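The structure appears below as structure tokens.
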Amino acid sequence: MQFKEQDFDVIVVGAGHAGCEAALAAARLGLSTCLFTINLDTIAQLSCNPAIGGLAKGHLVREIDALGGEMAHITDKAGIQFRMLNLSKGPAVWSLRAQADRAMYRGIMKATLETQQNLVLKQAMIEKIVTEDGRIRGVTNSLGISYGAMAVIITTGTFLKGLIHIGLDNFQAGRAGEFASVGLSDSLALQGFKLGRLKTGTPPRLDARSIDFSKTVPQYGDEPPSPFSYSTQKITNPQLPCYITYTNPATHEIIRSGLDRSPLYSGKIQGIGPRYCPSIEDKIVRFSEKERHQVFLEPEGLETAEYYANGISTSLPYDIQVRLVRSIAGLEDAVIMRPAYAIEYDFVYPTQVKHSLETKAVEGLFLAGQINGTSGYEEAAAQGLMAGINAAMKLKGMEPFILGREEAYIGVLIDDLVTKGTREPYRMFTSRAEYRLLLRNDNADFRLMEKGHEIGLISGSMIEKFRERKALLDEELIRLRTERIKPGLELNDSLEALGTTAITEDTLLEKLLKRPEVKYPFIREKAPASSVLSQEIEQLVEINVKYEGYIQRQVEVAAKLKKYELKKIPEKFDYKATPGLSREIVEKLTEVRPETIGQALRIPGITPAAVSIILVAVEGFWRRTAKP
């Protein structure tokens, strides 16, 4: 006899980065929420790299923070090295990255969840989703215990039929040492979801006591470190260096000698791996002309000897792993504490999901994270936050919260998934964003914090601090556009020392700052503002002035395309009955079921001519169905 324990407004399945954000968002928005996980001791586990952020991913973390999510706060509390990447390039691609103490990150997130009002944590294996008339009704666990819910968010990471490979040996697991989830995958398939198979991997963990760091190159973080969260005043943890070493021709020969026992090349692995983060054996085969590949030795925490060997992810047999590691400079006597492995898992093709992350097939069922085909903690956390928000919006009878591609990297991420789909692990890059000068690492709060406050996830005190920062920025930009500086011997000598020409007449400060050679500290020294500005505001001022023309151009382009995003397509619009569309285009439109004309434009293979036909047909539909 089945036992029903309890009903909740929202149930979240899986307590990785997506699940934690989803559960916190739903609970903070006032809904009774239950977070289920197979193991309460591995909540928010940094399963692979002990790092948060990086190229484009750092943008996502700042956006999560600006909307009221948790990842940035936890990273600042657990961070042991912070670096701003790409500073030699333009501000559109600057990205913050932090090494995190793995155990500390996990512990702080668990404590945050346990103290959150409206949130219950349970350890259980969820094996079935319960539906009725196409709507979610709850879930059932492996013991046959059921729980009711009006919204369910599935965030299972790599656990759906997870299969770990080390050489030609394989075994079921969600990650090393944890059970895989088999029944839930079958339950989704029974609901009609189309599932695929993906693969990812992780490198060996090494004992620091066996590493000769004198043969490596240390890489230090920024001093002082920049935090991710707008609410963090200062990073307080001790900061540790990483170390760089390289593979060599001997390493590559060892890897080649083991390819006949590689599951990747023997056909054992069926899932498609990440294109932009290949295993070391894949690098050796694909880039055979390269004599070496970089290896980053990254500390796993302040109180552990484990180091993560970033750059040599592999599924090769253990004996080959030992030999290849010990062929690398500094690792000649290295002891492997945990072997590398590859893992295959099921995912749901994300074109079956709406922009709200609610599934099209089952009302009230949301998917977030690697189940949607993404890779990375940051992509998962961003989806989890949006799924939690939208589950709450749905149950409150409100419109879904959807971010446009011109508003956030989160918008780019979700639109790419639901519009273009993916058949390999999706990773965020700055190159995926058409409006990346608008979506910078430094302005996430200016883009999104008011929205976070409107939703109810940004507190009154936080929004007031933000508005004070915004007022300072606006005041200084106005001052630069209106205040002039007079020419003088001292000023002109300083300008010429910078390598730029002297001025001969009163000149607007803005015009002076537009010069490539002139930085804001020069303006601060020669014509200081009445208020003392933080380094953050000074940087924003300089970027806004120097890139004003480019920024305005992107704003105008985004505004022109926005009109297409406002043209809604009826949910059950019949493409087959629309004359002029080819069979191929009808199939693509029927699969994705775009919500707007703008989304239809972005579906691969949909021509402008086809969009014109759809636009006319949709406008005709709305006219025919409009109330008199």
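Quick note: numbers below take in every heavy atom, side chains included, and nothing from hydrogens, waters or symmetry partners. Quantities reported herein were computed from a predicted structural model and do not represent experimental measurements.
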| Is the gap between the ring centers of Tyr349 and Phe193 under 6.0 Å? | no

| field | Pairs touching residues 7-26 that satisfy salt bridge (charged side-chain N to carboxylate O under 4.0 Å, His left out), sequence neighbours left out | value | Lys4-Asp7

| query | If every non-hydrogen atom of Ala22 is compared with every non-hydrogen atom of Ile153, which pair is closest and at what distance? | reply | CB-CD1, 4.0 Å

| remark: The side chain to side chain donor-acceptor pair (under 3.5 Å) partners of Arg436 (sequence neighbours excluded) come to none

| Can you pull the ring pair (Phe, Tyr, Trp, His ring centres under 6.0 Å) pairs that have at least one residue in residues 25-62, sequence neighbours excluded? | Phe36-Tyr147, His59-Tyr409

| task | Report the residues that fulfil side chain to side chain donor-acceptor pair (under 3.5 Å) with Thr202, sequence neighbours left out, ordered by chain and then residue number. | result | Arg205

| How far does NZ of Lys470 sit from CG of Leu540, to the nearest 0.5 angstrom? | 11.5 Å

| Distance (rounded to the nearest 0.5 Å) between Ile154 CD1 and Thr359 OG1 | 8.5 Å

| field | Neighbour count >12 (heavy atoms, 6.0 Å) for atom OH, Tyr564 | value | no

| Is a side-chain N or O of Thr155 found less than 3.5 angstrom from the main chain of Gly14, in a donor-acceptor match? | yes

| request: Please answer whether the main-chain N or O of Gly53 pairs with a side-chain N or O of Glu378 as donor and acceptor at a distance below 3.5 Å. | output: yes

| field | Worked check of side chain to side chain donor-acceptor pair (under 3.5 Å) between Thr232 and Asp76 | value | CA-CA 7 Å; Thr232 300; Asp76 290 346; 2.6 Å; yes

| task | Supply the atom-to-atom distance Ile402 CD1 to Thr596 OG1, rounded to the nearest 0.5 angstrom. | result | 9.0 Å

| Which heavy atom in Pro594 sits nearest to a heavy atom in Ala600, and how many Å separate them? | CB-N, 3.7 Å

| Is it true that Arg405 and Glu565 make a salt bridge, defined as a side-chain N closer than 4.0 Å to a carboxylate O? | no

| task | Would you check, one step at a time, whether the test side chain to side chain donor-acceptor pair (under 3.5 Å) holds for Thr158 with Gln370? | result | CA-CA 7 Å; Thr158 61; Gln370 285 175 284; 5.1 Å; no

| task | Take atom CD of Glu556 as the centre, draw a 6.0 Å sphere, and report whether it contains more than 12 heavy atoms from other residues, nucleotides or ligands. | result | yes

| query | Is it true that Glu70 and Arg28 make a salt bridge, defined as a side-chain N closer than 4.0 Å to a carboxylate O? | reply | yes

| With sequence neighbours excluded, what pairs up with Lys562 under the side chain to side chain donor-acceptor pair (under 3.5 Å) test? | Glu406

| Ring geometry between Phe228 and Phe82 (parallel below 30°, tilted from 30 to 60°, perpendicular above 60°) | tilted

| request: Under the salt bridge (Lys or Arg N to Asp or Glu O under 4.0 Å) rule, collect the residues that match up with Glu407, sequence neighbours excluded. | output: Lys451

| task | Take Tyr575 and Phe573 through the ring pair (Phe, Tyr, Trp, His ring centres under 6.0 Å) test and state the conclusion after the steps. | result | CA-CA 6 Å; Tyr575 295 101; Phe573 185 78; 5.1 Å; yes

| task | Check step by step if side-chain contact (heavy atoms from CB on, under 4.5 Å) holds for Lys394 and Met150. | result | CA-CA 9 Å; Lys394 184 174 184 69; Met150 297 299 289; over 6 Å; no

| said: Less than 4.0 angstrom from a charged side-chain N to a carboxylate O is my criterion; do Glu379 and Lys57 meet it? | reply: yes

| message | What I want to find out is whether Glu464 reaches Arg467 closely enough, with some N-O distance under 4.0 Å, to be called a salt bridge. | response | yes

| note | When every non-hydrogen atom of Ser375 is compared with those of Arg427, the smallest separation belongs to OG-CB, 3.8 Å

| Contact list for residues 378-408, test ring pair (Phe, Tyr, Trp, His ring centres under 6.0 Å), sequence neighbours left out | none

| remark: Hits for salt bridge (Lys or Arg N to Asp or Glu O under 4.0 Å) against Lys396, two or more places apart or cross-chain, chain-then-number order -> none

| request: Dump the intermediate steps for side chain to side chain donor-acceptor pair (under 3.5 Å) on Ser229 and Asp65, then the final yes or no. | output: CA-CA 6 Å; Ser229 176; Asp65 185 62; 2.9 Å; yes

| request: To the nearest 0.5 angstrom, please state how far the CZ atom of Phe8 sits from the CG atom of Leu35. | output: 10.5 Å

| Arg602 and Glu434: salt bridge (charged side-chain N to carboxylate O under 4.0 Å, His left out), yes or no, with the steps? | CA-CA 12 Å; Arg602 295 188 295 276; Glu434 307 92 313; 5.7 Å; no

| task | Compare every heavy atom of Ile129 with every heavy atom of Ser187, then report the nearest pair and how far apart it is. | result | OG-N, 3.1 Å

| salt bridge (Lys or Arg N to Asp or Glu O under 4.0 Å) partners for Asp101, two or more places apart | none

| Verdict with reasoning, Phe179 to Gln172, per side-chain contact (heavy atoms from CB on, under 4.5 Å) | CA-CA 7 Å; Phe179 296 112; Gln172 284 192 340; over 6 Å; no

| message | If I compare all heavy atoms of Leu29 with all of Ile389, which pair ends up nearest, and what's the gap? | response | CD1-CA, 4.1 Å

| message | Just so I know, are the side chains of Thr156 and Tyr345 near enough to count as touching, which here means a heavy-atom distance under 4.5 Å? | response | no

| query | Is the NZ atom of Lys465 crowded by more than 12 outside heavy atoms at less than 6.0 Å? | reply | no

| Pairwise side-chain contact, Tyr230 with Arg469, heavy-atom cut-off 4.5 Å (strictly under) | yes

| Pairing residues for Arg423 by the side chain to side chain donor-acceptor pair (under 3.5 Å) criterion, not counting sequence neighbours | none

| message | Listing request: all ring pair (Phe, Tyr, Trp, His ring centres under 6.0 Å) pairs with a residue in residues 350-386, at least two apart in sequence or in separate chains. | response | His17-Tyr377

| request: Please round to the nearest 0.5 Å and tell me the distance separating atom CD of Glu587 and atom CG of Leu589. | output: 10.5 Å

| Any luck finding a side-chain donor-acceptor pair between Ser185 and Asp346 under 3.5 Å? | yes

| said: Counting C-beta onward and ignoring hydrogens, is there a side-chain heavy-atom pair between Val418 and Gln599 closer than 4.5 Å? | reply: yes

| request: Write out all pairs satisfying salt bridge (charged side-chain N to carboxylate O under 4.0 Å, His left out) with one or both partners inside residues 153-163, taking only residues at least two apart or from two chains. | output: Lys161-Asp186

| request: With side-chain contact (heavy atoms from CB on, under 4.5 Å) as the test, would you mind laying out the steps for Leu601 and Ile606 before giving the verdict? | output: CA-CA 6 Å; Leu601 273 166; Ile606 303 300; over 6 Å; no

| Taking every non-hydrogen atom, the tightest pair across Ala408 and Leu448 | CB-CD1, 4.0 Å

| query | Just how far is it from atom CD1 of Ile235 to atom NZ of Lys77, taken to the nearest 0.5 Å? | reply | 11.0 Å

| request: Apply side-chain contact (heavy atoms from CB on, under 4.5 Å) to Thr33 and Val12, showing your working. | output: CA-CA 7 Å; Thr33 305; Val12 181; 4.3 Å; yes

| Donor-acceptor contact below 3.5 Å, side chain Asn390 vs main chain Met386 | yes

